[in-house]
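Side chains included, hydrogens not; waters and symmetry mates left out as well; all remaining heavy atoms used.
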Amino acid sequence: MNFKLLQPAVRDYLIEHLPFNAATFLLKSHPFENISTQELTQQLIGLQKARLKFEPLFINPNIIFPPKINLEQTSSWSTATYKANLYNGENMIDLTGGFGIDISAFAKAYTNTTHIELNKDLQKLAAQLFTAQELTTKSYTGDGLQYLTENASIYDLIYIDPSRKTDTKSKAIQLEDYEPNVIENLDLLLSKGKKVMIKTSPMLDITAGLKQLKNVCEIHIVAVKNDVKELLWILDKNANEVIIHCVNLESQQPDLVLNHGDTASIELSEPLDYLYEPNAAVMKSQAFSHLCEKYGISKIDQDAHLFTGKKSIDFPGQNLYHRRGKSI
């Protein structure tokens with residue numbers, strides 16, 4: 001890790017060149033000794049990503065960004081904050097900590113936080129990230145599951161975001177293909193955590209996930225600006241029902257919360273005064289009967305996911321049509 005990257009002159013230079021294409025910037029000559037063009041370009045890309053994905057890090061001048069691939073795999077600041085606002089407590093641990101975006105948010109909800117990352121270089125950058133934010137998070141290089149096995153601590157929350165890009169599959173979809181394999185380690189996770197939060201791909205089938213994961217008490221379908229980014233599976237040894245939360249962050253749309261397994265009838269209707277389209281999180285849940293019951297609306301066709309009603313409602317999606325005002 002090259003701490004010369006933290007010099008104010010370097011930061012000012014990168015901000016000045018923020019609009020530059022990374023490939024063009026890489027071919028330029030730069031006025032800094034003991035800082036390679038590759039290192040500067042990596043920081044430029046990091047700032048460009050941070051401005052869009054995690055703005056609080058963009059404005060902090062004491063952060064050294066990791067390679068682009070690590071930034072692409074990390075949570076956005078809005079999804080990290082959402083996770084951190086779900087619970088609070090004394091102790092939490094992130095077993096697959098990466099660059100540390102998620103635990104930076106969790107550190108505001110838990111008194112003691114621990115970050116484990118297998119990649120030594122990435123762990124060092126995460127430790128610098130915590131220092132830059134004046135967080136007391138403890139950070140270690142190593143295997144998170146091994147650390148959990150060898151540590152006697154019990155945590156209020158264990159968080160794990162297993163990799164979906166593995167040696168055997170370029171993009172794993174099934175839970176059994178993730179690394180580490182959470183299915184094989186559920187007993188360990190549940191014995192060490194009062195609650196376990198598992199982040200998975202939005203492509204994972206909810207029914208299949210419920211069959212493979214034990215003690216699920218909540219599923220959070222998290223979209224950002226109508227694009228589903230992740231599924232969060234909350235496990236609790238005392239779980240006796242599954243609550244599904246459909247959220248669309250960075251929008252004004254209300255959340256949809258329902259009990260998994262609850263059913264209601266779906267009525268069909270010709271288009272009435274208002275026409276609605278559910279957001280991506282609700283579409284992922286397929287909770288259309290619950291949507292009809294909660295909002296007093298009907299589907300316009302069995303095979304079309306459009307809904308209609310006589311009243312204007314605060315709906316988790318788009319209001320597409322108003323008979324008197326036409327398209328909205």
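Side-chain atoms of Asn185 come within 3.5 Å of backbone N or O of Asn181 as a donor-acceptor pair.
Remark: Asp187 pairs with Lys214 by the salt bridge (charged side-chain N to carboxylate O under 4.0 Å, His left out) rule, at least two apart or across chains. By the ring pair (Phe, Tyr, Trp, His ring centres under 6.0 Å) test, Phe307 is found to be paired with Phe288, residues two or more places apart in sequence or in another chain being considered. Looking at residues two or more places apart in sequence or on another chain, you find a ring pair (Phe, Tyr, Trp, His ring centres under 6.0 Å) between Phe315 and Tyr276, Tyr295. By the side chain to side chain contact (heavy atoms under 4.5 Å, CB included) test, Asn240 is found to be paired with no residue, residues two or more places apart in sequence or in another chain being considered. For Glu241, the side chain to side chain contact (heavy atoms under 4.5 Å, CB included) partners two or more places apart in sequence, or in a different chain, are Ile243, Asn259. When the ring pair (Phe, Tyr, Trp, His ring centres under 6.0 Å) test is applied to Tyr159, the partners found at least two apart in sequence or on another chain are Phe106.
Side-chain contact, Ser139 with Gln123: a donor N or O sits under 3.5 Å from an acceptor N or O.
Aromatic pair Tyr87/Tyr110: ring centres not closer than 6.0 Å.
The side-chain hydrogen bond (donor to acceptor under 3.5 Å, both in side chains) test with Asn112 singles out one residue from Asn91, Thr137, Asp156, and that residue is Asn91.
Looking only at side-chain heavy atoms (C-beta outward), Ile234 and Lys195 come within less than 4.5 Å of each other.
Ring planes of His220 and His245: parallel class, angle under 30° (limits at 30 and 60°).
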